[in-house]
Amino acid sequence: MPIHNADIADVFNEIADLLEIQGGNPFRVRAYRRAARSIGEYPKNVRAMIAEGADLKAIPAIGDDLALKVREIVATGSCALLASLRAQLPSAVVALLRVPGLGPKRVRQLYEQLHVQSLEQLEQAAAEGRIHELHGFGPLTEAHILANLQGRLDKSRRFQFAQASQRAEPLLVWLAALPDVERVEAAGSLRRLRDTVGDIDILATAREPAEVTRRFVAYDDVSAVLAHGPTRASIVLRGGLQVDLRVVQPACFGAALTYFTGSKAHNVALRRLGQDRGLKVNEYGVFRGDVRIAGETEESVYESLGLPWIPPELREDSGEIEAARGAALPALVTRGDLRGDLHTHSLASDGHASLRAMALAACERGLSYLAVTDHSKRLAIAHGLDARRLAAQIDEIDQLNAQLAGVTLLKGIEVDILEDGRLDLPDAVLARLDLVVGAIHSHFDLPRERQTDRILRALDHPSMTILAHPFGRLIDSRNPSDIDLLRVIRKASKRGCFLELNAQPERLDLMDTACRMAKDHGVLVSINSDAHSVAQLDNLRYGVNQARRGWLEKADVLNARPLAQLRPLLARTMRSPACETSGSP
DNA sequence: GCCGTTTTCGGCCCGACTGTTTTCAGTCG
């Protein structure tokens, strides 16, 4: 089985978990976690780097020892250290770390003293009252463990951004209306616009902080109170979403907002930067000795560290601090930059609105063009169009465009990419369209080589314009397909094709790191709503969020081009077979 | 186990809350 970066990251993370439970050197544990993250996010495939003879120590957090282990994992699929750790401690115990309230120390105690090594055994031990007898545990801890297990409250559970945002909005409004509250702001991954949100972090200033946390834990949508102090409190809403509130002094607000926006890795990087300058950075401010030199605003915090303000979307310690230092932060794309939408559906397939209604709705939303891309015949469940119906729709759009003012409909199709990479409609009818959006809707789990070759062949089709939702993932329900994105991007670049960032909240596909990879190779990304109704045109904002996390600027986005500039990019002359250089797909 | 415009050895981010202890360890973010 070929080893991917994510596999290596998994091995290092399990090593870190097991070392931590065994009470290993915490800095060594951290080194494995940093290495796992670094490799997991590294844009180049490590297996390919080894094949090319590249120096693995060029990867951040990889030194002599871990470079050897990476080679070992690529060669053998595992590594001796992991095997020996597993021999000392069953790897199933790492699942116990996912239980809220259980960290490495307690997991070790449970294993050594009660021989607990699975969630089932943990639940049984708690139910039988054996846990509270352990030193350091008590009846409350035992009750919490039981409640967490029975409620299946999982630390690793994440919510789609849109779901979390819809739960957070009313709570933020309610908090802002409390009499003592002066200021309320969401922080955390919600503010960083991540595609999924683990919990909601809220920051407030208030005249009487303790009064605010008291009211907060009594919010009427609360199903559990996890913590309640004078300045901090944590609740779980019905539906399982955790919300953490911190109330801070106004003079600290910027420092606290920075701190609670994170990411954790970004915070650590800021603190190290502070250390280098003899400064201490925490949620109360930036301090030289006991003197606070910054903290009221985020700008002041960054300025004290010699940096310009960094947009929250970029705060992942993935190059943003270096870019800020070099005055090279991107001017991120905004919703207002979008001039059109290149993937939408109508009544002709599985959409819920007419062509005219979609066109008018697009116009109302400030868009000047809208591509109609109904499904093709293979997707029978969506009433996909065959060549005859598509030809009729082409004529209908021509007639409608003659009547419409302020918005232009583009003739398109979301054509199925068949298992072998052919497209689902005849070349002749595809050639009549303004654009062809190709998409995979079946055989999502082909092996990497076949899945990649399938896409490369589709990109070689002279009519192909945009690869829709390239990974096919559905957050919570379908993993991304295994494709070699670098090969896909290189082919798209060579063929003058584009990649879609599908803005449906459960898709958000391309992912942020993939957007960045496309940008680095000069392949434009099309932020498309994939709207099946008028209201879903508003999904574009979720796509813009993701694009911003992927460092995309206006110039990197296909549909930020006005129509006159877009048309030549869509023209198939640049993709004609004659243009293609020789070589395999 | 990584890393270095102070360092090749000695550092490695910082504080709140809980439940347990009787002054603090563990967990979390």
Side-chain angles (χ1 to χ4, degrees), chain A residues 12 15-16 19-21 23-39 56-70 81 96-110 131-145 148 155-156 187-189 192 197-203 209-210 213 217 225-235 242-248 252 255-256 258-287 305 317:
Chain A
F12 284 171
I15 288 174
L19 279 175
E20 197 170 29
I21 294 169
N25 176 351
F27 299 110
R28 189 177 173 216
V29 171
R30 189 187 299 171
Y32 276 98
R33 290 206 198 287
R34 282 203 301 139
R37 179 172 184 268
S38 179
I39 287 196
L56 296 179
K57 291 203 291 175
I59 304 170
I62 300 298
D64 290 319
D65 182 85
L66 290 184
L68 282 175
K69 289 200 169 67
V70 168
L81 173 61
L96 303 181
L97 291 172
R98 307 278 101 80
V99 177
L102 293 188
K105 302 286 168 54
R106 285 178 171 161
V107 167
R108 183 183 188 184
Q109 253 188 301
L110 288 164
I131 289 179
H132 75 264
E133 293 166 355
L134 296 179
H135 181 78
F137 289 76
L140 280 170
T141 305
E142 184 174 70
H144 282 149
I145 289 172
N148 285 334
K155 278 193 284 199
S156 62
S189 49
R192 300 202 314 280
V197 172
D199 57 18
I200 295 173
D201 294 284
I202 298 176
L203 199 61
T213 61
V217 299
V225 177
L226 301 177
H228 178 197
T231 64
R232 298 171 64 152
S234 293
I235 60 172
Q242 181 175 330
V243 187
D244 299 331
L245 171 71
R246 279 88 172 181
V247 188
V248 302
C252 307
T258 306
Y259 180 78
F260 292 113
T261 295
S263 66
K264 188 170 176 173
H266 179 84
N267 287 347
V268 169
L270 289 184
R271 284 176 170 156
R272 296 170 81 106
L273 212 56
Q275 274 192 323
D276 294 344
R277 301 177 154 233
L279 303 172
K280 185 175 69 171
V281 181
N282 61 27
E283 61 261 56
Y284 299 106
V286 180
F287 297 85
L305 300 172
D317 190 27

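The sequence lines fix the lettering, A, B, ..., with proteins before strands; numbering per chain opens at 1. Computed over heavy atoms, backbone and side chain alike; hydrogens, waters and symmetry mates excluded.
- Residue contacts for A:Ile62: at a heavy-atom cut-off of 4.0 Å it reaches the sugar-phosphate backbone alone, with no base atom in range.
- Distances from the side chain of A:Gln275 to the nucleotides B:dC12, B:dT27, B:dG29 place B:dC12 closest.
- The base of B:dG15 lies outside donor-acceptor range of the side chain of A:Tyr284, with no N or O pair under 3.5 Å.
- A:Phe12 places a side-chain heavy atom less than 4.5 Å from the side chain of A:Leu66.
- The side chain of A:Thr231 places an N or O atom within less than 4.0 Å of a non-bridging phosphate oxygen (OP1 or OP2) of B:dC17.
- Heavy-atom distances to DNA chain B give each of A:Val281 and A:Thr141 a nearest nucleotide, and the one nearer the 5′ end belongs to A:Val281.
- As a whole-Å value, the separation of A:Arg108 CZ from B:dG26 P is 11 Å.
- At least one side-chain nitrogen or oxygen of A:Lys105 sits closer than 4.0 Å to the OP1 or OP2 atom of B:dG26.
- The nearest whole Å value for the distance from the CG atom in A:Leu19 to the P atom in B:dG1 is 8 Å.
- Here the P atom of nucleotide B:dG26 and the CG atom of A:Leu140 are 18 Å apart, to the nearest Å.
- A sub-4.0 Å separation between OP1 or OP2 of B:dG1 and a side-chain N or O of A:Lys69 is present.
- Place A:Glu283 and A:Ala67 on DNA chain B by their nearest nucleotides, and A:Ala67 ends up nearer the 5' end.
- In this structure, A:Glu133 places its CD atom 17 Å from C1' of B:dG19, rounding to the nearest Å.
- For B:dC2, neither phosphate oxygen OP1 nor OP2 lies less than 4.0 angstrom from any side-chain nitrogen or oxygen of A:Lys57.
- Side-chain atoms of A:Asn25 come within donor-acceptor range of the base of B:dG1, with a qualifying N/O pair under 3.5 Å.
- Straight-line distance from the CZ atom of A:Arg246 to the P atom of B:dG29: 8 Å, rounded to whole Å.
- Between the side chain of A:Glu283 and the backbone N or O of A:Tyr259 there is no donor-acceptor pair closer than 3.5 Å.
- Of the listed nucleotides (B:dC12, B:dG29, B:dG15), B:dC12 has the atom at the smallest distance from the side chain of A:Arg30.
- Between A:His228 and B:dC17, a side-chain N or O to OP1/OP2 separation shorter than 4.0 Å is absent.
- Under a 3.5 Å cut-off, the side chain of A:Arg192 and the backbone N or O of A:Thr261 do form a donor-acceptor pair.
- Rounded to a whole Å, the CD1 atom of A:Ile39 is 13 Å from the C1' atom of B:dG1.
- Between the side chain of A:Ser38 and the backbone N or O of A:Pro60 there is at least one donor-acceptor pair closer than 3.5 Å.
- Between B:dG29, B:dG1, B:dT20, one nucleotide has an atom nearer to the side chain of A:Lys264 than all others, and that is B:dG29.
- The CG-P distance, from A:Leu56 to B:dC2, rounds to 12 Å in whole Å.
- Listed nucleotides: B:dT20, B:dG15, B:dG1. Nearest to the side chain of A:Pro139: B:dT20.
- Between A:Asp201 and A:Arg246 there is a salt bridge, since a side-chain N of the basic residue sits under 4.0 Å from a carboxylate O of the acidic one.
- The partner of B:dC17, taking Watson-Crick or G-U wobble pairs whose two distances both stay under 3.5 Å, is B:dG26.
- Nearest to the side-chain atoms of A:Asn282 among the listed nucleotides B:dA16, B:dG1, B:dC14 stands B:dC14.
- Going from atom CG of A:Asp65 over to atom P of B:dT8 covers 21 Å, rounded to whole Å.
- Taking 4.0 Å as the cut-off between side-chain N and carboxylate O, A:Asp65 and A:Lys69 count as a salt-bridged pair.
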